[in-house]
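For reference, the structure is listed below as structure tokens.
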2 protein chains.
Amino acid sequence: MAKDTLDTRQLILRAALKRFANGGYAATSVQDIVDDAQVSKPALYYHFKDKAGLFQALVHEAHDERYRILREAAAQAEGIRAQLENILAGLFDYFGKNRELMRISFATMFAAPGEVPENLSYTDKCERNFEFVRSLIKRAQKSGELDKHFDCQELAFGFYGLANFHLVGHLVCKDCQPDRLTAQRVVELFLAGAAPKADAKKIRVQSKEKK
Amino acid sequence: MAKDTLDTRQLILRAALKRFANGGYAATSVQDIVDDAQVSKPALYYHFKDKAGLFQALVHEAHDERYRILREAAAQAEGIRAQLENILAGLFDYFGKNRELMRISFATMFAAPGEVPENLSYTDKCERNFEFVRSLIKRAQKSGELDKHFDCQELAFGFYGLANFHLVGHLVCKDCQPDRLTAQRVVELFLAGAAPKADAKKIRVQSKEKK
DNA sequence: GCTGTTACCTACCGTTCGGTAGGTTTATGG
DNA sequence: CCATAAACCTACCGAACGGTAGGTAACAGC
């Protein structure tokens with residue numbers, strides 16, 4: 001009994017995931033989902049309150065999974081560089097394997113208010129995830145691993161922006177799958193900056209324009 | 001006659017903009033739009049092929065406007081730092097004033113395939129805009145203003161990611177409006193990197209962990 | 001003054017939507 | 001052997017959807 005229940009529920013979730021990810025919330029009909037899952041519509045409404053509730057279940061799962069990856073990746077490394085690399089590599093890897101779930105996560109973050117069901121609470125989970133990265137960066141600033149001249153909010157924004165853009169970018173074009181090497185280079189850019197390095201050759205074009 | 005035509009068409013476009021931006025494509029009905037615009041449904045279908053055509057008109061406008069800003073901001077400044085700052089400041093400013101149009105632009109870029117009407121071509125315009133930034137960066141690399149150790153694609157990704165994340169972030173929370181100062185600091189982070197500067201104080205925590 | 005075109009209008013079409021009422025099967029506990 | 005409840009099923013609802021058929025008012029050209 002419990003096994004069958006789980007199966008049906010899981011079947012619905014998997015079908016809904018695929019549909020929502022590929023078609024968005026509004027454009028996906030409940031009929032589509034139950035057809036894919038090969039269950040009846042009342043079966044869906046038995047397991048979930050309504051269409052919005054089904055969607056919410058997926059969104060929560062996506063954000064929680066992402067949080068888990070952040071924490072795990074950070075815990076398995078020492079030093080901010082290795083941590084950021086690990087986080088990026090972990091996200092890249094998970095994105096490759098769970099493209100659809102991640103697409104839902106992003107879609108809800110960036111979507112218009114009405115695109116997604118009302119009363120869908122996800123901002124708290126977004127903030128929690130962002131806050132975790134911010135705390136990492138703040139700690140690294142205290143230990144001297146990161147520049148204290150920047151606000152830790154700015155740095156967190158910077159890294160999160162870099163990370164998310166890469167994730168979205170490679171969500172769109174599915175051929176180019178980013179790997180650990182990509183993660184390393186992204187972190188390198190984040191840490192070292194785009195300007196030419198002073199230790200390589202002293203160039204002072206920049207400072208003239210600044211002031 | 002021509003005046004009335006323009007008025008009606010413009011009324012529809014403005015109403016559609018507001019609706020699509022706040023509710024997304026699928027969740028917005030043609031009826032909503034014509035109600036807002038205070039025109040009849042056939043009036044809409046007289047001026048536009050269908051719902052998708054109306055949407056496409058808005059998307060194209062958004063991307064083209066963004067392209068215009070990119071070019072103008074780059075032309076009015078010398079040196080990559082000033083150019084990037086100008087671009088960011090220009091985008092920030094335009095986002096504040098044309099929140100809805102920009103929201104549509106972003107929504108289509110990140111949306112699921114089915115969320116947006118089929119046969120909607122926007123990738124070429126996205127690429128054109130990105131390509132412009134890339135060309136700027138490539139030129140700056142040649143002139144020695146940017147580090148040649150990074151691929152220009154990587155740098156363009158980095159800057160575009162930083163920029164877009166800030167834009168999206170401030171699209172979500174409308175209280176915090178980024179200004180030119182924000183633009184300067186973002187560019188500073190992009191150029192200088194997050195790692196502590198050698199000229200300030202020699203710290204060698206990083207290099208120990210790197211290898 | 002008739003015709004053609006533009007720029008709409010009212011009224012309605014067929015379809016699909018999210019959701020449900022009410023009956024049926026299956027497992028379990030007494 | 002029967003009662004209860006879980007886990008569905010078929011069949012259908014009213015509402016809303018995108019889109020259109022067919023009529024009309026206003027003006028231009030001949």
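Bear in mind the structure is a predicted one, so any value in this text is a computation, not a measurement. So that the names make sense, note that chain A is the first sequence line, chain B the second, and so on, each numbered from 1.
What separates CZ of B:F55 from P of D:dG19 is a distance of 14 Å, to the nearest Å. The CG atom of B:D50 sits 5 Å away from the P atom of D:dG19 (whole-angstrom rounding). In this entry the distance linking CG of A:L44 with P of D:dT10 reads 15 Å, nearest Å. What separates OH of B:Y45 from P of D:dG23 is a distance of 22 Å, to the nearest Å. Look at CZ on B:F48: it is 16 Å from P on D:dT20, rounded to the nearest Å. Rounded to whole Å, atom P of C:dT10 lies 11 Å from atom CD of B:Q31. If you take CD1 of A:I33 and P of C:dT16, they are 17 Å apart, rounded to a whole angstrom. Nucleotide C:dG19 holds its P atom 14 Å from the CD1 atom of A:I12, rounded to whole Å.
Side-chain N/O atoms of B:H47 include one lying less than 4.0 angstrom from OP1 or OP2 on C:dC8. Applying the 4.0 Å criterion to OP1 and OP2 of C:dA7, one finds that B:T8 has every side-chain N and O outside that range. Residue B:Y46 places no side-chain N or O under 4.0 Å from the OP1 or OP2 atom of C:dC8. Here A:S29 reaches the OP1 or OP2 of C:dC17: one of its side-chain N or O atoms lies under 4.0 Å away.
Looking only at atom types and distance, the side chain of B:S143 has a donor-acceptor partner in the side chain of B:E145 under 3.5 Å away.
Under the 4.0 Å criterion applied to side-chain N and carboxylate O atoms, B:D64 and B:R128 are assigned as salt-bridge partners. Taking a cutoff of 4.0 Å between a charged side-chain nitrogen and a carboxylate oxygen, A:E65 and A:R68 qualify as a salt bridge.
Annotation: cation-pi geometry satisfied between B:R66 and B:F106 (NZ/CZ under 6.0 angstrom from ring centroid, within 45° of ring axis).
For B:P42, the listed nucleotide lying nearest its side chain is C:dT10; candidates were C:dT10, C:dG18, C:dA21.
No hydrogens or angles were tested; on distance alone, a donor-acceptor pair under 3.5 Å links the side chain of A:K41 to the base of C:dG18.
Residues A:L136 and A:I87 meet the side-chain proximity criterion, which asks for heavy atoms closer than 4.5 Å.
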